[in-house]
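Before any comments, here is the structure.
Along the sequence shown, the residues carry numbers beginning at 1. Worth knowing before you read on, the calculation uses all heavy atoms, side chains too, and leaves out hydrogens, waters and symmetry mates. In listed order, ligands and their atoms are each counted from 1.
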Amino acid sequence: MKTNSSNSLLTVSTGPLKISELPPNPVGTGDESIHLSLVIPTYKERENIKNVVNVLSQLLDESIAGKYELIVVDDDSPDRTWEIAQSLTTEYPQLRVMRRQQERGLSSAVIRGWQAATGIVLGVIDGDLQHPPEVLIQLLRSIEQGADLAVASRHVEGGGVSSWSVVRRFLSRGAQLLGLVILPGVLGRVSDPMSGYFMVRRSAIAGATLNPVGYKILLEVIGRGKVDQVAEVGYVFCERKQGESKVTWKQYIDYIHHLVRLRLSTGKLGRLRRKVNFPVGRFLRFGLVGFSGVFVDMAILYLLSDPTTLAWPLMPSKIIAGEIAILNNFFWNDAWTFADVSARQQGWKQRLKRFVKFNTICLVGLGLNLLVLYLIFNFLIPNRYIANFIAIAVATVWNFWINLKLSWRVTDVK
Ligand code: GDD
Ligand code: MN
């Protein structure tokens with residue numbers, strides 16, 4: 001067995017998450033070139049890594065010796081998984097290790113690994129032995145038989161989960177169902193879109209800028225790649241023996257965020273959006289912040305003007321309620337909706353400037369709000385909350401439009 005002469009860690013690419021058409025510094029030519037690059041993303045897998053590398057190497061040496069590489073991509077695990085992996089490279093020359101210190105997250109780890117890959121087939125497998133290694137051979141065969149993408153699936157013949165609770169099964173299927181509703185064109189193509197165990201031809205995803213959130217890299221591959229033929233192989237998702245899963249409730253939020261993002265940026269809708277260039281994400285955030293303002297406004301209005309509380313006159317109460325809601329909204333819009341723009345205009349002076357603009361625009365909006373409230377409450381619907389709700393809606397349209405053009409000046413900022 002030859003030893004690895006360059007015993008150093010792989011460099012992490014920076015910039016867009018894009019895979020090149022041609023492998024970087026292809027190893028050898030023709031038959032010698034590496035066929036499969038299998039990425040093993042890891043985070044705190046020190047108890048598993050040696051075993052995983054050993055099992056995978058044995059298996060692949062039997063079928064495609066010399067034509068594969070294993071790429072461990074570790075996110076600077078505090079248990080120093082990367083160090084252990086690196087120490088294995090003398091024994092396993094086909095093993096390469098990347099230690100990421102700037103970026104985080106499962107999906108981007110996989111893509112950074114593929115960016116360093118020399119293979120024409122790119123794969124991914126978990127580093128905790130929950131994905132049965134034998135399935136690799138079947139996946140590889142499917143690709144050789146012409147598939148662009150071969151997915152290990154829990155939901156086809158031979159697949160399953162070992163001992164999941166009813167709740168967990170339900171959540172998993174619920175997530176899939178939600179995905180089918182939001183993105184049928186992507187999730188409808190495979191039986192297990194949540195799978196993190198698959199292989200894809202480099203040519204199917206080369207050139208596309210991937211933009212994943214969270215855990216579900218496969219969605220991104222299908223959504224943005226040019227995947228023609230798909231194959232599926234059943235597998236049983238085993239229980240973890242060592243270490244623990246990194247899945248938290250945040251992954252559910254990320255997943256929904258990812259679905260919406262893919263929905264908006266691919267297919268017909270994506271093409272339309274690129275043409276119109278409307279900042280949908282920003283608009284949604286602005287709307288959500290405005291929505292939080294409604295509660296602030298309503299609560300203060302209640303405290304000040306309701307006959308059962310302070311029973312102040314409606315108009316002055318509304319002015320105070322409105323101004324407090326404006327403060328609330330500015331805070332969230334500056335910190336979240338327009339965070340990217342604010343980051344480029346730092347310092348309290350700049351922030352004050354933005355606040356003054358925002359407040360002025362919103363005060364005009366509040367004037368509009370008052371006018372509409374007055375008219376509706378006195379002449380149309382004698383319910384202060386319904387009247388206020390309609391008034392707020394009218395003012396919101398005004399606020400978004402003018403703030404978009406003036407306060408953060410989205411269109412002008414480079
Ligand atoms: N580099 C890196 N960065 N690796 C990570 C990160 C991260 O932020 N988070 C998790 N990993 C690694 C883990 O060390 C493990 O090797 C693999 O990614 C999967 O993480 P787990 O936390 O074990 O996930 P799981 O077992 O719940 O989920 C698995 O099954 C799902 C099937 O529904 C994963 O394979 C998912 O990808 C898959 O979708
Ligand atoms: Mn796992």
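V97 places none of its side-chain heavy atoms less than 4.5 Å from the side chain of L10. Counting heavy atoms from C-beta outward, H131 and F237 have side chains that approach closer than 4.5 Å. No side-chain heavy atom of D76 sits under 4.5 Å from any side-chain heavy atom of R100. Proximity of S305 to L310: side-chain heavy atoms (C-beta onward) are nowhere separated by under 4.5 Å. Contact check for L187 versus L219: side-chain heavy atoms found under the 4.5 Å cut-off.
For residues 165-180, the set of pairs meeting the side-chain hydrogen bond (donor to acceptor under 3.5 Å, both in side chains) definition, not counting sequence neighbours, comprises H155-R173, R173-Q176. Every pair passing side-chain hydrogen bond (donor to acceptor under 3.5 Å, both in side chains) that includes a residue from residues 286-299 is listed here, sequence neighbours excluded: S292-N328, D297-K318, D297-N388.
Protein residues with a heavy atom closer than 4.0 Å to ligand 1 are P41, T42, Y43, E45, V73, D75, G105, L106, A109, D126, G127, D128, Q130, H131, R154, M194, S195, G196, Y215, K216, F237, R240, S245, K246, V247, listed by chain and number.
Looking at R96, its side chain does come within 3.5 Å of a backbone N or O of A116 through a donor-acceptor pair.
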- Message: I'd like to know whether D75 forms a side chain to side chain donor-acceptor pair (under 3.5 Å) with W82, so could you lay out the CA-CA distance, the side-chain angles of the two residues, the decisive distance to 0.1 Å, and finally the verdict.
- Response: CA-CA 8 Å; D75 282 2; W82 51 273; over 6 Å; no
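Protein-derived N/O/S atoms nearer than 2.8 Å to the Mn ion (ligand 2) total 2, waters excluded.
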